[in-house]
Amino acid sequence: MASSSRRRFIYQTSLFAGLFSFRKVASASSVAPVNPSGPIVLSTWSHGIPANVAAWEILAKGGRSLDAVEAGVRIPEADPNVTSVGLGGYPDRDGHVTLDACIMDEFANCGSVACLEHIVHPISIARLVMEKTPHVMLVGEGALKFALDNGYKKTNLLTPESEQHWKEWLKDANYKPVVNWENHDTIGMIALDSKGNLSGACTTSGMAYKLHGRVGDSPIIGAGLYVDNEVGAATATGVGEEVIRICGSHLVVELMRQGASPGDACREAVERIVKKQPQRSKELQVGFLALNKHGEFGSFCLQKGFNFAVKSDLHDNSLFDSKSHY
Ligand code: ASP
């Protein structure tokens, strides 16, 4: 991100060689099968608060975590004031609002859509991909056709406010995205239900003013989201390219499988980004959020400012500030 031009967030793809360290493995069978403290739901950023309310309505009645995460993230998807998810999301540089989303359940069923236009609820299309097709991922025109074939209607997702912001951006050759706000507000939601089953959902309009066709980490199973019902679930927010490079959410879950706490697993994933590209990691945000099978949770991020909302019988849906590397 050295260039001062508006293309500054189109990153070079070269990687530093990195040394990997592995922790001594603890057996996943040591993980308790059922969460002792009841259901819990966690979501990234402050728009996670109303999302958690919707998810909790399902979890509190003994509902399935999959239904909870879908219902939860539909709230910011439909909120035109959330400019990083769904309706009202900032467009790409050509003025298209293109949405990415994925969902995953306790059986490792998963579905995903990427670069989907005109549909307010990409998470529900991702769930349909999971449940009605033999595939995991549909993109672009094919994803839109699938949504329309399944009864969804086209909506103009570009609100006047987001269009205005985009037009301002077009004028400003020195534009620089604002860390922790403009580019980093995916909602990732992970939940454990009263039966002890985990699910997750992740949905975003992605990086503001990206190249048309750019897909980030959020719809990529293993990058923006991963769920393993034996172990835990993780989700990511921030610059998706960095998360994809390390298969971030899968890495966090695998570290938990090896015995790491959710917080330590998130920290190790963030440190891996720092170790590979120390200079670049100073200028961007990535945050991970993780929940294990016991209902324990943790997070870690690169820069201060990432927060998340937690709702359970023990947590009142207020925001936690994540620990950070810098
Ligand atoms: N991870 C998303 C992406 O790269 C951005 C975000 O978290 O807001 O598309």
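Just so it is clear, the model here is predicted, and its values are computed rather than measured. Both ligands and their constituent atoms are indexed starting at 1 by order of listing.
Here is the list of ligand 1 atoms found below 4.0 Å of a heavy atom in M207: 9 (O). Below 4.0 Å from some heavy atom of D217 lie the following atoms of ligand 1, by number and element: 1 (N), 2 (C), 3 (C), 4 (O). Here is the list of ligand 1 atoms found below 4.0 Å of a heavy atom in T237: 6 (C), 7 (O). Atoms of ligand 1 lying under 4.0 Å from at least one heavy atom of D185, given by number and element, are 6 (C), 7 (O), 8 (O). Of all atoms in ligand 1, numbered sequentially from 1 with element shown, those under 4.0 Å from a heavy atom of G206 are 9 (O). Taking a cut-off of under 4.0 Å to the non-hydrogen atoms of T186, the atoms of ligand 1 that pass are 1 (N), 2 (C), 5 (C), 6 (C), 7 (O), 8 (O).
Among pairs with a residue in residues 115-129, those fulfilling side chain to side chain donor-acceptor pair (under 3.5 Å) read D67-R127, E70-S124, E70-R127, R74-S124, E77-H121, H96-E117, R127-E131, at least two apart in sequence or across chains.
Using a 4.5 Å cut-off on side-chain heavy atoms (C-beta onward), L157 and L99 make contact. Under the 4.5 Å side-chain criterion, counting only non-hydrogen atoms from C-beta, T203 is not in contact with M189.
A perpendicular orientation is assigned to the rings of W45 and F306, their planes being inclined by more than 60° (bins at 30° and 60°). Ring geometry, H250 versus Y226: the interplanar angle exceeds 60°, so the pair is classed perpendicular (tilted spans 30 to 60°).
Of the N or O atoms in D100, none lie within a sub-3.5 Å distance of an N or O in ligand 1. At least one N or O atom of G240 sits closer than 3.5 Å to an N or O atom of ligand 1. By the 3.5 Å distance cut-off applied to N or O atoms, G238 is counted among the residues near ligand 1.
Put simply, no part of E241 is less than 4.0 Å from ligand 1, judged by heavy atoms. By the 4.0 Å heavy-atom criterion, S218 is counted among the residues contacting ligand 1.
F146 has its ring centre no less than 6.0 Å from the ring centre of H135. When ring centroids are compared, Y90 and H165 come within the 6.0 Å threshold. Checked against a 6.0 Å centroid threshold, the rings of F320 and F308 count as neighbours.
When heavy-atom distances to ligand 1 are checked against a 4.0 Å cut-off, Q285 has no atom that comes that close, whether in backbone or side chain.
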